[in-house]
Undergrad: 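After the structure tokens below, expect a handful of questions from me.
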Protein chains: 2
Amino acid sequence: MTLPLPDRSARREVLLDAADRIVQRDGPAVSMASIAAEAGITKPILYRHFGDKGGLYAALAERHTDRLLGTLREQLNAPGTARERVERTVDAYLRVIEAEPQVYRFLVHSGDAHGQVLSFLNRLSALLAIGVAAELGLQRGSLRAEVWARGIVGMVQRAGDWWVDAPGPTRAEVGRELTQLLWGAYAAAAGAQH
Amino acid sequence: MTLPLPDRSARREVLLDAADRIVQRDGPAVSMASIAAEAGITKPILYRHFGDKGGLYAALAERHTDRLLGTLREQLNAPGTARERVERTVDAYLRVIEAEPQVYRFLVHSGDAHGQVLSFLNRLSALLAIGVAAELGLQRGSLRAEVWARGIVGMVQRAGDWWVDAPGPTRAEVGRELTQLLWGAYAAAAGAQH
DNA sequence: CGGTAGGTGTTACCGCCGGTAACAGTCTTG
DNA sequence: CAAGACTGTTACCGGCGGTAACACCTACCG
């Protein structure tokens with residue numbers, strides 16, 4: 001029972017690359033057949049690798065969300081004042097939107113990747129909840145930290161969703177407004193802390 | 001050219017009722033045929049009324065979002081201090097989630113209704129942008145008002161999405177945390193305004 | 001060397017869904 | 001009583017996700 005695992009996972013990456021390309025070209029709604037064609041193979045191979053369409057979309061989404069999560073974790077744990085970290089984290093998020101709007105739209109608007117995106121948002125929120133709790137001196141798992149983390153994530157996400165289709169403002173402008181909004185809340189909480 | 005508009009729109013409501021029933025029974029992913037069956041008719045009639053599946057889902061989502069938007073607008077324009085209005089608006093939103101979680105999940109998780117939900121979020125954000133601009137003395141359409149409105153909406157929405165599937169906290173608890181987060185940001189902005 | 005077993009690839013198909021054309025009954029109107 | 005408009009049906013199309021069945025290559029083993 002020799003499992004050719006190594007080159008199987010390499011192949012997976014190649015297939016995901018192709019899927020990525022076609023998503024960037026044709027938008028969020030892509031058929032399995034077109035992905036297969038782009039990869040130069042046929043459908044059953046895709047299904048052997050990913051099980052079903054949900055599996056492929058999950059793998060595709062996971063790849064992007066993992067990278068994004070890594071970037072954001074870096075910024076959250078970077079040295080500097082709290083305000084600088086907030087600023088840089090927000091900017092990093094907006095940067096990704098700006099660099100790959102099609103990918104971002106795919107993640108947000110594709111019904112099939114929705115589950116994976118929710119998982120990403122939850123992981124990010126969990127990260128943030130720890131940071132918030134630490135910064136405000138709350139115990140881990142406290143309701144305030146949980147709700148605030150979700151709220152902050154949703155705030156930046158929704159603003160980003162809007163910005164990706166709003167032609168006017170620059171990244172720096174949007175980032176500044178978001179940071180100020182966020183920081184205001186943060187400062188108020190820290191001040192009212194006791 | 002007699003247009004039988006009155007009973008046509010009445011019919012529409014009946015059909016939407018049926019669609020609503022079947023969505024609540026079978027979850028967010030429903031076929032046109034099953035909706036037609038539930039309504040006791042056949043597919044072409046549905047299509048004559050709603051054009052395509054997107055049209056039906058839009059009408060269905062619009063019905064709920066319009067009601068919700070009306071409720072929130074009421075609370076936003078209610079008498080009282082700004083803080084009270086924030087508190088009551090947040091609570092009204094959470095109340096709807098609590099009362100009809102299945103409808104809420106349909107709106108959030110159904111890929112087909114996504115467009116309508118985005119439209120709702122945008123209309124709500126527009127409302128809020130006006131309020132924010134007025135409260136902070138910004139001119140209408142200013143970037144800050146736009147971004148903040150989106151951010152605030154996203155914040156409450158995401159926290160609500162989390163809460164609808166989190167068994168623990170009560171509505172009052174979540175509402176209190178959200179209000180405090182929101183109000184902190186608000187107060188900081190108003191203070192730093194001048 | 002030949003046969004046989006397993007992994008890789010393909011073609012060709014199924015069932016379901018969204019959407020529509022074409023036809024049949026009914027009710028009004030001249 | 002015809003003519004037309006409206007409401008309803010059946011029966012179909014194209015495309016999609018998903019799969020069964022078959023063809024190929026390669027390697028191991030008598």
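This structure is a prediction, so every number in the text was calculated from the model and none was measured. Each chain gets a letter, A, B and so on, in the order its sequence line appears, and its residues count up from 1.
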Undergrad: Does anything in residues 75-84 of chain B pair up under side-chain hydrogen bond (donor to acceptor under 3.5 Å, both in side chains), and if so which pairs, sequence neighbours excluded?
TA: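 Sorted result for residues 75-84 of chain B: empty, none.
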
Undergrad: Could you write nucleotides 14-28 of chain C as a row of B, S and -, 5' to 3', where a protein heavy atom under 4.0 Å of any base atom gives B, of only sugar-phosphate atoms gives S, and otherwise -?
TA: ----BBBB-------

Undergrad: Applying salt bridge (charged side-chain N to carboxylate O under 4.0 Å, His left out), which residue pairs with at least one partner in residues 120-132 of chain A are found, sequence neighbours left out?
TA: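 Residue pairs with at least one partner in residues 120-132 of chain A: A/Asp66-A/Arg123.
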
Undergrad: Rounded off to whole Å, could you give me the NE2-to-C1' distance for the B/His49 and D/dC6 pair?
TA: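 Distance check: B/His49 NE2 to D/dC6 C1' gives 11 Å.
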
Undergrad: Roughly how bent is the helix from C/dC1-D/dG30 to C/dG30-D/dC1 end to end, in steps of 10 degrees, with each end axis from five pairs?
TA: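 It works out to 30° between the end axes.
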
Undergrad: Could I get the full list of ring pair (Phe, Tyr, Trp, His ring centres under 6.0 Å) partners for A/Trp183, not counting sequence neighbours?
TA: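 Per chain and number, A/Trp183 pairs via ring pair (Phe, Tyr, Trp, His ring centres under 6.0 Å) with A/Tyr186.
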
Undergrad: Quick one: A/Ile41 CD1 to C/dT11 C1', roughly how many Å, whole number?
TA: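 It works out to 15 Å between those atoms.
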
Undergrad: Under the ring-ring contact (aromatic ring centres under 6.0 Å, His included) definition, can you give me all pairs with a residue in residues 110-133 of chain A, not counting sequence neighbours?
TA: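 Output for this query lists A/His114-B/His109.
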
Undergrad: Tell me which pairs pass side-chain hydrogen bond (donor to acceptor under 3.5 Å, both in side chains) where either residue lies in residues 160-178 of chain B, with sequence neighbours left out.
TA: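 For residues 160-178 of chain B, and leaving out neighbouring residues, the side-chain hydrogen bond (donor to acceptor under 3.5 Å, both in side chains) pairs sorted by first residue read A/Arg144-B/Glu177, B/Asp91-B/Arg171, B/Glu98-B/Arg171, B/Tyr104-B/Asp161, B/Arg105-B/Asp165.
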
Undergrad: Suppose the criterion is salt bridge (charged side-chain N to carboxylate O under 4.0 Å, His left out): which pairs have a residue in residues 40-60 of chain A, not counting sequence neighbours?
TA: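 Passing the test, one end in residues 40-60 of chain A: no pairs.
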
Undergrad: Specify the separation, in whole Å, of atom CD1 of A/Ile45 and atom P of D/dC22.
TA: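 A/Ile45 atom CD1 is separated from D/dC22 atom P by 19 Å.
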
Undergrad: Between A/Arg11 and C/dG9, is there a contact of a side-chain N or O with OP1 or OP2 at under 4.0 Å?
TA: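 For A/Arg11, the contact criterion (side-chain N or O under 4.0 Å from OP1 or OP2 of C/dG9) is met.
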
Undergrad: If only atom types and distance count, is the side chain of A/Ser119 paired as donor or acceptor with the main-chain N or O of A/Gly115 below 3.5 Å?
TA: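 Not at all, since once roles are kept as given, no pair shorter than 3.5 Å links the two residues.
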
Undergrad: Does D/dT9 have OP1 or OP2 sitting under 4.0 Å from an N or O in the side chain of B/Thr42?
TA: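 Checking D/dT9 against B/Thr42, a side-chain N or O does come within under 4.0 Å of OP1 or OP2.
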
Undergrad: Any ring-ring contact (aromatic ring centres under 6.0 Å, His included) involving residues 34-85 of chain A? Give me the pairs, sequence neighbours left out, ordered by first then second residue.
TA: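 ring-ring contact (aromatic ring centres under 6.0 Å, His included) check on residues 34-85 of chain A returns A/Tyr57-A/Phe106.
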
